[in-house]
Amino acid sequence: MNVLITGITGFVGSHLAEYCLSLGAKVYGTYRWRSPLTNIEDIKDKVNLIDCDLTDAYAVHKAIETAQPERIFHLAAQSFVPTSWRAPQDTLYNNIISELNLFEAIKGSQMRIQIAGSSEEYGMVYPEETPIKETNPLRPLSPYGVSKVSQDMLAYQYNRSYNLYVIRTRAFNHTGPRRGEVFVTSNFAKQIASIEKGLQPPVVKVGNLEAKRDYTDVRDIVRAYWLTLDGACTPGDVYNICSGNCWTIRKVLDTLLSLSKVEVKVETDPERLRPSDVPILQGDNHKFHHATGWQPEIALEKTLEDLLNYWRERV
Ligand code: GDD
């Protein structure tokens, strides 16, 4: 089976590519000329890379012609929430237009496509609304959240208008080896690994530690993404992908610190605070579990240990 992964050089893209290869699929992936290939170093000879700017409709058309995919996993996006305040226009343009170009290139075909939405779409969630079901109101708190709501609605519309086989997912936070260093789990792990090697004074810089997030290991997430297109989910419908557990960011930091012997001071860096932060994201995964039988297998403690070891080998 031919599969196409947009954003194959990214954190999730690289893990999904490995998983698809393990299932015997022929993997194509789009990337941009400036994307570093470090995440796919070990598999770059086993996958077919297509240099493609997804905001260019003609390039997307050609990529689809080259890959002839039966399944498409659309992961490419500007995915860091703080960047979306600094560059709202880029975030909205990239995230929405890339998906629009993909839909236009495949509409009328039998191709199946998964759209990677986000729990950030829920945004302002009140404690009594948790765990969050797919029916919860969408109240995004960042331009990134708005871009993901738009992607989600566009996917719904293309299913209704053209009967496109599209599955919408709203993944909650995920992490693991190769996580970009700007994201909190990776950032803290890298700081701790740097302190262990004496490359940074024993001070961990942090932002808002009171936020609560629902984390799943990336290796569980990519298994879920694969299952979305297996036929058990309803085209046009939306599914939360999450663990159902919720940790404060403080607990994430404390767990990482408990895996190390270093003594550190924790210091708030005002630069790391956001104009508005989503206070709590704790998902309900029953709908997806009921459809596919999926459930996460890797505990967050193990994920954080793997992530810290990943950074220990790299700093
Ligand atoms: N990045 C970062 N750095 N975040 C920090 C820090 C820090 O030093 N200190 C505290 N935080 C808090 C943030 O304010 C936020 O509440 C939480 O840690 C998680 O931040 P991120 O790791 O940047 O992730 P995110 O929750 O904003 O977004 C991620 O999850 C979404 C799904 O809910 C991203 O992966 C998105 O692309 C994804 O859609």
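In listed order, ligands and their atoms are each counted from 1. Keep in mind the model is a prediction, meaning the values are calculated, not measured.
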Q: Tell me yes or no: between the side chains of Asn187 and Arg272, is some donor less than 3.5 Å from an acceptor?
A: yes

Q.
Pairs of nitrogen or oxygen atoms closer than 3.5 Å, one from Ser119 and one from ligand 1: do any exist?
A. yes

Q. Does a sphere of radius 6.0 Å around CD in Glu263 hold more than 12 heavy atoms from other residues, nucleotides or ligands, not counting ones at 6.0 Å or beyond?
A. no

**Q.** Shortest heavy-atom approach to atom 8 (O) of ligand 1 - which of Arg272, Arg274, Arg170, Lys205
**A.** Arg272

Q) Can we say Asp230 and Arg71 salt-bridge, meaning some charged N sits less than 4.0 Å from an Asp/Glu carboxylate O? A) yes

Q: Return yes when Glu210 approaches ligand 1 closer than 4.0 angstrom through a heavy atom, no otherwise.
A: no

Q) Nearest to atom 35 (O) of ligand 1, what protein heavy atom do you find, and at what distance? A) Arg179 NH2, 2.6 Å

Q.
Show me which atoms of ligand 1 lie under 4.0 Å from any heavy atom of Arg213.
A. 15 (C), 16 (O), 26 (O)

Q. Are Tyr225 and Phe73 close enough that their ring centers fall under 6.0 Å?
A. no

Q. By number and element, which atoms of ligand 1 are closer than 4.0 Å to a non-hydrogen atom of Phe80?
A. 1 (N), 23 (O)

Q. Any idea which protein heavy atom is nearest atom 1 (N) of ligand 1, and the distance to it?
A. Val182 O, 2.9 Å

Q: Looking only at distances, please establish whether an N/O atom of ligand 1 is found under 3.5 Å from an N/O atom of Tyr215.
A: no

Q) Hey, does the Lys NZ or Arg CZ of Arg213 hover above the aromatic six-ring of Tyr215, less than 6.0 Å from the centre and inside 45° of the axis? A) no

Q) Tell me, which protein residue and heavy-atom name are nearest atom 9 (N) of ligand 1, and how many Å apart are they? A) Gly207 N, 2.8 Å

(Q) Once you restrict to heavy atoms under 4.0 Å, what part of His174 touches ligand 1? Side chain, backbone, both or neither. (A) neither

Q.
Return the closest protein heavy atom for atom 18 (O) of ligand 1 as residue, atom name and distance.
A. Ile249 CG1, 3.5 Å

(Q) Quick test: of every protein heavy atom, which one is nearest to atom 31 (C) of ligand 1, and how far off is it to 0.1 Å? (A) Ser118 OG, 3.7 Å

Q) Is Ile221 linked to Val184 within one hydrophobic cluster, defined over Ile, Leu, Val, Met, Phe, Trp and Tyr using a side-chain heavy-atom separation of less than 4.5 Å? A) no

Q) Nearest protein heavy-atom contact for atom 36 (C) of ligand 1: which residue, which atom, what distance? A) Ser79 O, 3.4 Å

Q | Subset of ligand 1 atoms that lie under 4.0 Å from at least one heavy atom of Ala211 | A | 16 (O)

**Q.** Side-chain ion pair, Asp306 and Arg179, N-O less than 4.0 Å
**A.** no

Q.
Give me the residue, atom name and distance of the protein heavy atom closest to atom 10 (C) of ligand 1.
A. Asn208 O, 3.2 Å

Q. Charged N to carboxylate O below 4.0 Å: is that the case for Lys302 and Glu305?
A. no

Q.
For atom 16 (O) of ligand 1, what's the nearest protein heavy-atom neighbour? Residue, atom name and distance, please.
A. Asp277 OD2, 2.8 Å

Q. Is the shortest side-chain N to carboxylate O distance from Lys148 to Glu99 below 4.0 Å?
A. no

Q. Mind checking whether His15 and Phe11 have parallel, tilted or perpendicular rings, split at 30° and 60°?
A. perpendicular

Q: May I ask you to check whether over 12 heavy atoms, not counting those of Glu41, lie within 6.0 Å of atom CD?
A: yes

Q | Shortest non-hydrogen separation from Ser194 to Val315 and the atoms involved | A | OG-CG1, 3.7 Å

Q | Contact atoms of ligand 1, heavy-atom distance to Phe188 under 4.0 Å | A | 8 (O), 9 (N)

Q. So between Val12, Val81, Thr185, Leu141, whose heavy atom ends up nearest atom 28 (O) of ligand 1?
A. Val81

**Q.** Closest to atom 24 (O) of ligand 1 among Val184, Asn173, Leu281 (heavy-atom distance)
**A.** Asn173

